[in-house]
Number of protein chains: 2
Amino acid sequence: MIETNQLRCFIAVAEELHFNRAALRLNMTQPPLSRQIQLLETRIDCKLFIRTSRSVVLTEAGKSFLNDARRILRLLENAQKAAKDISLGRSGILRCGFTAVTANKFLPQLISNMKADIPNSTLDLKEMVSLRQITALDSGDLDVGLLRPLVDPRKYQDRLVSRERLMLAIPAGHPLGAREFARWRDLDGVDFIMYDSVESKYFHDLLTVFLARKHVRPNIVQRLTQIHSMLSLVRAGVGVAVVPESARILDVADVEYREFADQSSPYAELFIVWRETNQNPLIPIVVDIAEALLEQASTQPVQPR
Amino acid sequence: MIETNQLRCFIAVAEELHFNRAALRLNMTQPPLSRQIQLLETRIDCKLFIRTSRSVVLTEAGKSFLNDARRILRLLENAQKAAKDISLGRSGILRCGFTAVTANKFLPQLISNMKADIPNSTLDLKEMVSLRQITALDSGDLDVGLLRPLVDPRKYQDRLVSRERLMLAIPAGHPLGAREFARWRDLDGVDFIMYDSVESKYFHDLLTVFLARKHVRPNIVQRLTQIHSMLSLVRAGVGVAVVPESARILDVADVEYREFADQSSPYAELFIVWRETNQNPLIPIVVDIAEALLEQASTQPVQPR
DNA sequence: TGTTATTGATACAAAAAAGGTATTAATGAT
DNA sequence: ATCATTAATACCTTTTTTGTATCAATAACA
């Protein structure tokens, strides 16, 4: 069976294309190196180098194997480091799902706080819609998810980690900008850019329910998924939109924001969710960090740049 | 440094959670297995198992390392297999130059036979004129070339892979279409579409030499490079042309073809060419396949669609 | 509570593998 | 034709791994 030492020998020779220099680099002499390479070649049962007594070149098979050998050694080092870090309780890898909206404000903060508190930890981030995150939690592809509230509490633990006000986004100079605070009833009949009912189900439902309760019927001119696209249309004067506060970070020119005066205005909530059975020691740590962010956020509102 | 053998030992113990059973599975005795695991633990510098003298359990670090160890061994096996496959020519990349005319008939057959015989192989096709292919073979940019005979036999290996008759292409209703077989002498003074002397040097020289020997002087009204363009002009009634049999595949409407009665009529030959020093294991295989196509072709002439 | 059976660790000798030195064989350069 | 370079081979030494015998710890059971 192939040993990693042979991989190291092979990589050295492949990089130097010279047995003597390679041996020097490996702190050994040339003959045993030659034999290690021969051994390797008999084990995988194919020539890796073409040697004339004057030069050494990689075969096609050798090139392929060089790639793989490098990758394998890299993986081995990572595995080693990961195991040690875990044993020191210091870190490890946390696979974390997130939804596109999260990326605006919450995620950057989470990442930087994670780095500060647990320097050796790795957040393995994967963007996926809330529902997909749930299945990934089940299959073990994710350790935690950052998603909108739609979770079956029997199987999952969750904590609220972000709670943002919704704001009115209007093009500069729009009549609704005259007031310092927006009023919901003013949206009645106004050209309005709405969330897609499938792709952005959470925001769609949130707004639809709230508008219906307020008996306000804006004139929906477009349905979109990406908040960024919505703001572009707002800027173009297609209509107004209601977006979470963190959308300000996108910093779209010529778009202004107004808070709603009405204190009953809905919040967009974000939860961190994980399976109770998942033993990853980073989970309680990241949950703490994420919860701490909620408190920070409530005292320090988003400012436009 | 960690050796793959230690990974195998570790996986066995992690799966059996029992040193004796694991040792049995590894065809060894328990004491050396214990020491291998200890060695592994000192090398990655963390405990992988919690052993009471009665039971063995994985630590968190051990669980992480088990995942990685399995993945690494799997990768190693795949790497081994991939390298061997390439060396056997069961997979890999063959960079193959071809001339535009080749693409009509020969190349599609070659590609489909390659796919059938060596499913994992990739033909990396690059269209270039014969001369350019030669320089590309020298520089190592190509493994094989499909080109017209103009090769210095000292540096290259070559094999004939295609041999086609030239045919007369005429617009429907042209007087020369009256006969079932064309005669070269009938071309004397006839409006004729000729090959470009530079870009289509091979066909140009072939025809020029042959016509001169027959003392036939057609009236050359146009010089072109692309056979397809020539046939378009034939169709438009600009003149007649002499094209390789495989041009029929282009299936230009209102153009008819006549074989030459004269058995001495020239052939258009195609060779597969490679450098003897090129070790790509796919070369002998593709050469075989290409040669086999010649035999097929000689018994099965091109039919118009 | 004492005995036994089970199980991983340790000690030491034997075997295998890897490494080192000296030399050979092949070949490009002079 | 000779020399220099370079990978392979032969042979010996050192290191590593393995196996046998045994120990130490402990759970099971009488």
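Protein chains get the first letters and strands the later ones, always in sequence-line order, with residue 1 at the start of each. Atoms considered below: every heavy atom in the structure, side chains included; atoms not considered: hydrogens, waters and symmetry mates. The structure displayed is predicted, hence computed values, not measured ones.
- There is a side-chain donor-acceptor pair under 3.5 Å between Tyr156(B) and Asp138(B).
- Straight-line distance from the CD1 atom of Ile37(A) to the P atom of dA7(D): 11 Å, rounded to whole Å.
- Set against dT17(D), dA11(C), dA10(D), the side chain of Gln6(B) has dT17(D) as its closest nucleotide.
- The distance from atom NE2 of His18(A) to atom C1' of dG28(C) is 13 Å, rounded to the nearest whole Å.
- Note: CG (Asn20(A)) to C1' (dA4(D)) measures 13 Å, nearest angstrom.
- A salt bridge links Lys63(B) with Glu60(B): at least one charged nitrogen is closer than 4.0 Å to a carboxylate oxygen.
- If you check dG19(C), dG19(D), dA10(D) against the side chain of Met28(B), the one that comes closest is dG19(D).
- The distance between atom CD1 of Ile50(A) and atom P of dT27(C), rounded to the nearest whole Å, is 15 Å.
- A salt bridge links Arg90(B) with Asp85(B): at least one charged nitrogen is closer than 4.0 Å to a carboxylate oxygen.
- For the pair Gln30(B) CD and dT10(C) C1', the interatomic distance rounds to 10 Å; values are reported in whole Å.
- With dA7(D), dG19(D), dA9(C) as the choices, the nucleotide that has an atom nearest any side-chain atom of Arg51(A) turns out to be dA7(D).
- In this model, the phosphate group of dT18(D) is approached by a side-chain N or O of Asn5(B) to a distance below 4.0 Å at OP1 or OP2.
- Using a 4.0 Å heavy-atom cutoff across all strands shown, Leu33(B) reaches no nucleic acid atom at all.
- Candidate nucleotides dT20(D), dA8(D), dG20(C) were compared by shortest atom distance to the side chain of Arg35(A), and dG20(C) ranks first.
- Mapped onto DNA chain C by nearest heavy atom, Phe19(B) and Glu3(A) fall at different nucleotides, with Phe19(B) at the one closer to the 5' end.
- A straight line from CG of Asn27(B) to C1' of dT17(D) spans 15 Å, rounded to a whole angstrom.
- Salt bridge Glu3(A)/Arg43(A): absent, no basic N to carboxylate O contact under 4.0 Å.
- The distance between atom CE of Met1(B) and atom C1' of dA18(C), rounded to the nearest whole Å, is 17 Å.
- Across all strands, Leu26(B) comes closer than 4.0 Å to no nucleic acid atom at all (heavy-atom distances).
- Contact check, Ser34(A) against dA8(D): a side-chain N or O comes under 4.0 Å of OP1 or OP2.
- Annotation: Phe10(A) is in aromatic contact with Phe49(A) [ring centroid separation under 6.0 Å].
- Looking at heavy-atom distances under 4.0 Å, Gln36(B) makes contact with sugar-phosphate atoms alone, never a base.
- Taking atom CG of Leu24(B) as the reference point, atom P of dG8(C) lies 13 Å away to the nearest angstrom.
- The Gln38(A) side chain lies nearest to dT9(D) when the options are dG20(C), dT9(D), dT20(D).
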